[in-house]
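Order of listing sets the numbers, starting from 1, for every ligand and every atom in it.
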Amino acid sequence: MTLGSTQHPDRGPLDGERITAAFALTPGFSLELLPVAPSTNEVARERARAGAAEGLVVAADHQAAGRGRLDRTWETPPGTAVTFSLVLRPTVPAASWPWLPLLVGHNVAKALTALGHDARVKWPNDVLLDGDKKVAGILVERVDTPEGPAAIIGVGINVTMTAEELPVETATSLAISAPGAPDRTQVLLEVVAAIREGYDLWQAGGDLGTARLATSYRSHCATLGREVRVELPGGGALTGRAVDVDPDGRLVVETADGTERVGAGDVVHVRATD
Ligand code: BT5
């Protein structure tokens, strides 16, 4: 087979047998692997409503209608990305839920770092490489189910996309950032394991677990110390220096008019301006 000069060889399907074998070592994990899904978050949401247990991973080789936040889209050519959604059923108090999207971003960045990439999180949970290029996006949604509230953890990671295939200029892929990117199955396994590890520690740790997560998150967050412009729903914006992430996971911004705090659910965009 001849490959185009810029095309990465790993365009085949995710290896379901390898994933299932790895999950067998982690109690409570199960896989639903789909060649195509509109959005894995939608499929996982239906499964959660139908009673799926914590630990179901719905992964797709291609998403035809991938979703971002606020009705934005998430676009990845077939076979070039890791796109999956994990069903969780957190037992932490409702007040701790806002940490979940941050926890996921932080642990995705950790997994990519362990795979040899210098990944950082832009608050709240975009995963960046090479300064400010987005390699992964995360969409955490809460869904009410007969068994109680569930969280759908949607993760999209650009793995083998070439520069020509990137949907936006601000994106990158693991393969562009560092030649010899790992295969998509390995990326999925590492990322799921890192999320699970961080989640279990957080859930088991109570307030101390959240405090530990906050400390670790702050020290790896690319946004702190930067001048930022935070766009708010309705067209308003805040500009100033991002100085902290508070105990509720909100970004603390020092503006000319004083200190402001913004929650992840209340922002349209956060952009560094320095
Ligand atoms: C996100 O939204 O970053 C969340 C993306 C979550 C995707 C996963 S894939 C599995 C699961 N199933 C789904 O349907 N979704 C989840 P947001 O912060 O709103 O960013 C969306 C913006 O990122 C778009 O408006 C584009 O500007 C940009 N974008 C789109 N596709 C991208 C890509 N592949 N890489 C980098 N940036 C992209």
Side-chain angles (χ1 to χ4, degrees), residues 14 31-48 56-88 100-102 104-106 108-109 112 117 119-143 150-177 181 184 187-188 191-192 195 222-223 230-233 251 262-272:
L14 287 164
L31 174 70
E32 178 173 347
L33 181 54
L34 303 166
V36 185
S39 152
T40 56
N41 263 37
E42 294 310 316
V43 178
R45 174 193 292 266
E46 280 171 30
R47 302 294 181 263
L56 172 66
V57 172
V58 177
D61 279 309
H62 180 49
Q63 276 194 139
R67 290 174 36 226
R69 294 187 310 119
L70 304 171
D71 293 329
R72 296 192 286 241
T73 56
W74 186 257
E75 294 166 56
T76 46
T80 65
V82 164
T83 47
F84 71 89
S85 301
L86 165 65
V87 175
L88 293 178
L100 197 48
L102 283 69
V104 176
H106 184 43
V108 171
L112 298 185
H117 298 269
R120 308 260 283 165
V121 185
K122 183 179 94 168
W123 183 91
N125 61 8
D126 282 350
V127 181
L128 309 180
L129 288 183
D130 305 323
D132 56 359
K133 298 285 191 185
K134 182 163 166 177
V135 70
I138 290 154
L139 179 64
V140 175
E141 297 178 299
R142 186 187 147 116
V143 49
I152 309 299
I153 311 292
V155 179
I157 305 166
N158 303 332
V159 181
T160 61
M161 281 177 201
T162 62
E164 300 76 42
E165 289 172 320
L166 296 175
V168 287
E169 273 183 7
T170 49
T172 191
S173 71
L174 296 180
I176 293 169
S177 175
R184 288 160 48 240
V187 174
L188 181 138
V191 166
V192 169
I195 295 171
T223 310
V230 181
E231 291 173 22
L232 304 169
L251 187 68
V262 283
D266 300 323
V267 302
V268 177
H269 279 298
V270 180
R271 301 186 200 283

**Message:** Donor-acceptor check, side chain of Glu165 to backbone of Thr162, threshold 3.5 angstrom: yes or no?
**Reply:** yes
**Request:** Please tell me if the side chains of Val268 and Leu70 come closer than 4.5 Å, counting only heavy atoms from C-beta onward.
**Result:** yes
**Item:** Side-chain heavy-atom pair Val36, Asp61 within 4.5 angstrom cut-off
**Value:** no
**Asked** Considering residues at least two apart in sequence or located in another chain, which fulfil the salt bridge (Lys or Arg N to Asp or Glu O under 4.0 Å) criterion with Arg47?
**Response** Glu32
**Asked** Quick check: does any side chain N or O of Lys122 sit under 3.5 Å from a backbone N or O of Lys134, one acting as donor and the other as acceptor?
**Response** no
What does the N/O contact table under 3.5 Å look like for ligand 1?
residue	atom	partner	partner atom	Å
ligand 1	2 (O)	Arg69	N	3.2
ligand 1	3 (O)	Lys134	NZ	2.8
ligand 1	12 (N)	Thr40	OG1	3.2
ligand 1	12 (N)	Gln63	OE1	2.8
ligand 1	14 (O)	Ser39	OG	2.7
ligand 1	14 (O)	Gln63	OE1	3.4
ligand 1	14 (O)	Arg67	N	2.7
ligand 1	15 (N)	Arg67	O	2.8
ligand 1	18 (O)	Lys134	NZ	3.4
ligand 1	19 (O)	Arg69	N	2.8
ligand 1	19 (O)	Arg72	NE	2.7
ligand 1	19 (O)	Arg72	NH2	3.1
ligand 1	20 (O)	Lys134	NZ	3.1
ligand 1	31 (N)	Glu75	N	3.1
ligand 1	34 (N)	Glu75	O	2.9
ligand 1	34 (N)	Asn158	OD1	3.1
ligand 1	35 (N)	Asn158	ND2	2.9

**Item:** Heavy-atom check, side chain of Val135 versus side chain of Leu174, under 4.5 Å
**Value:** yes
